[in-house]
Asker: 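I have a structure I would like to understand better, so I am pasting it below and will then ask my questions one at a time.
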Amino acid sequence: QVQLVESGGGLVQAGGSLRLSCAASGRTFSDYVMGWFRQAPGKEREFVAVIRWSGGNTYYADSAKGRFTLSRDNAKNTVYLEMNSLKPEDTAIYYCAATSARDYLSVVNPNRYAYWGQGTQVTVSS
C-alpha cells in the first residue's frame, strides 16, 4: 500500500508562487508515474501535470504549461509542483496520485490512479 501526503498549499495573491510537495511511503517508486490533479467546487477532477520517477519525463495540461514545473527527488520519495504566475482560476484542492501506467491516455485519467493523497488547498486572490 502506498501513502501520499501533500503539503504547501495556502492563500496567495495573483501572480504569486507556491511549491506543493507530495511525500510517498510504503513502496518503492522508481517505476511509478506521479500525477497532479485539482478539483474546484462543483467541478470534476482536472488533470494538471504528470512526471515519471524514472527519467523525470513530464507532461502538462494546457492550463499549466509555462507556469508550473514538476520535479522529483527519488532518494526522498518526494515530488514537487512549482506553481508560478498563479491566477484566480488556479484555486482548487490539489491532489497527488500514483499509477504504474505510463501511456498518455492512462496518466491523464484519474481513474487509472490507485493511490491518492488527502489534498491541499490552493487559493489565489484577485
Side-chain angles (χ1 to χ4, degrees):
Q1 188 175 16
V2 176
Q3 293 176 291
L4 305 174
V5 180
E6 303 98 331
S7 62
L11 173 63
V12 297
Q13 190 77 15
S17 300
L18 285 173
R19 188 183 76 163
L20 306 184
S21 299
C22 178
S25 62
R27 299 283 298 275
T28 58
F29 303 98
S30 61
D31 296 326
Y32 275 69
V33 169
M34 300 297 299
W36 284 91
F37 297 81
R38 65 188 184 187
Q39 189 165 20
K43 301 290 186 179
E44 293 290 337
R45 196 169 298 176
E46 176 189 13
F47 169 75
V48 177
V50 66
I51 185 170
R52 291 183 182 178
W53 282 106
S54 178
N57 309 78
T58 58
Y59 179 76
Y60 299 89
D62 288 342
S63 60
K65 290 178 182 176
R67 300 188 300 124
F68 295 2
T69 302
L70 283 166
S71 62
R72 90 287 192 210
D73 187 332
N74 288 344
K76 296 182 178 180
N77 287 335
T78 301
V79 297
Y80 305 96
L81 181 65
E82 296 277 356
M83 305 189 297
N84 302 309
S85 301
L86 284 163
K87 306 173 181 179
E89 49 263 48
D90 295 318
T91 296
I93 301 174
Y94 283 70
Y95 300 90
C96 68
T99 181
S100 60
R102 292 194 175 200
D103 62 286
Y104 168 79
L105 290 177
S106 293
V107 301
V108 302
N109 185 349
N111 294 324
R112 296 290 187 266
Y113 287 76
Y115 305 102
W116 293 86
Q118 84 288 351
T120 185
Q121 177 70 47
V122 172
T123 303
V124 185
S125 63
S126 295

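Note: hydrogens, waters and symmetry copies are ignored here, and every other heavy atom, side chains too, is used. This one's a predicted model, so the numbers in the text were calculated from it and none came from an experiment.
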Asker: Apply side-chain hydrogen bond (donor to acceptor under 3.5 Å, both in side chains) to Ser106 and list each qualifying residue two or more places apart in sequence or on a separate chain.
Answerer: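 Only Asp103 meet the side-chain hydrogen bond (donor to acceptor under 3.5 Å, both in side chains) criterion with Ser106.
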Asker: Find the distance between CH2 (Trp116) and CZ (Arg45) and round it off to the nearest 0.5 Å.
Answerer: 4.5 Å
Asker: Please enumerate all residues that pass side chain to side chain contact (heavy atoms under 4.5 Å, CB included) together with Ser85, with sequence neighbours excluded.
Answerer: Arg67
Asker: Tell me, which pairs form a salt bridge (charged side-chain N to carboxylate O under 4.0 Å, His left out) where one or both residues lie in residues 47-63, sequence neighbours left out?
Answerer: Asp62-Lys65
Asker: The criterion is side-chain hydrogen bond (donor to acceptor under 3.5 Å, both in side chains); which residues satisfy it with Arg19, sequence neighbours excluded?
Answerer: none
Asker: Heavy atoms only: give me the nearest Gly8-Leu18 pair and the separation to one decimal.
Answerer: O-CD2, 3.7 Å
Asker: With sequence neighbours left out, write down each residue that passes side chain to side chain contact (heavy atoms under 4.5 Å, CB included) with Gln13, or none if nothing qualifies.
Answerer: Ser125, Ser126
Asker: Tell me which pairs pass disulfide (SG to SG under 2.5 Å) where either residue lies in residues 47-117, with sequence neighbours left out.
Answerer: Cys22-Cys96
Asker: Provide the closest heavy-atom pair for Leu4 versus Val2 in the form atom of the first, atom of the second, distance.
Answerer: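 Smallest interatomic distance, heavy atoms only, reads CD2-CG1, 3.8 Å.
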Asker: After noting the C-alpha distance and the side-chain angles of Val50 and Thr99, does the key distance pass the side-chain contact (heavy atoms from CB on, under 4.5 Å) rule?
Answerer: CA-CA 10 Å; Val50 66; Thr99 181; over 6 Å; no
Asker: Can you pull the salt bridge (charged side-chain N to carboxylate O under 4.0 Å, His left out) pairs that have at least one residue in residues 33-42, sequence neighbours excluded?
Answerer: Arg38-Glu46, Arg38-Asp90
Asker: Does Thr69 have any side chain to side chain contact (heavy atoms under 4.5 Å, CB included) partners at least two apart in sequence or in another chain, and if so, which?
Answerer: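 By the side chain to side chain contact (heavy atoms under 4.5 Å, CB included) rule, Thr69 matches Tyr60, Glu82.
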Asker: Report the distance from atom CG of Leu70 to atom CG of Asn57, rounding to the nearest 0.5 Å.
Answerer: 11.5 Å
Asker: What residues, two or more places apart in sequence or in another chain, satisfy side-chain hydrogen bond (donor to acceptor under 3.5 Å, both in side chains) together with Ser17?
Answerer: Asn84
Asker: Once side-chain hydrogen bond (donor to acceptor under 3.5 Å, both in side chains) is applied, do any residues pair with Gln39, and if so which ones, sequence neighbours excluded?
Answerer: none
Asker: Tell me the closest heavy-atom pair linking Glu6 and Gly119, and the distance in Å.
Answerer: OE1-N, 2.8 Å
Asker: Kindly write out the residues that satisfy side chain to side chain contact (heavy atoms under 4.5 Å, CB included) with Ala23, not counting sequence neighbours, or none if the list is empty.
Answerer: Thr78
Asker: Kindly state each residue pair satisfying ring-ring contact (aromatic ring centres under 6.0 Å, His included) with at least one member in residues 64-109, sequence neighbours excluded.
Answerer: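 Listed by first then second residue: Tyr59-Tyr104.
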Asker: So which atom in Trp53 and which in Asp73 form the shortest heavy-atom distance, rounded to 0.1 Å?
Answerer: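 Looks like CZ3-O, 3.8 Å.
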Asker: Heavy atoms only: give me the nearest Val108-Phe37 pair and the separation to one decimal.
Answerer: O-CE2, 3.9 Å
Asker: Mind listing the closest non-hydrogen atom pair of Arg72 and Ser54 along with its distance?
Answerer: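 For Arg72 and Ser54, the tightest heavy-atom pair comes out as NH2-C, 4.2 Å.
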Asker: Would Val107 and Arg112 satisfy side-chain contact (heavy atoms from CB on, under 4.5 Å), going step by step from the backbone distance to the final call?
Answerer: CA-CA 7 Å; Val107 301; Arg112 296 290 187 266; over 6 Å; no
Asker: Give, for atom OG1 of Thr91 and atom CD of Gln121, the distance between the pair rounded to the nearest 0.5 Å.
Answerer: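 Answer rounded to 0.5 Å: 7.5 Å.
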Asker: Please say whether more than 12 non-hydrogen atoms of neighbouring residues, nucleotides or ligands are located less than 6.0 Å from CD in Glu44.
Answerer: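 Not buried by this count: 12 neighbours or fewer within 6.0 Å.
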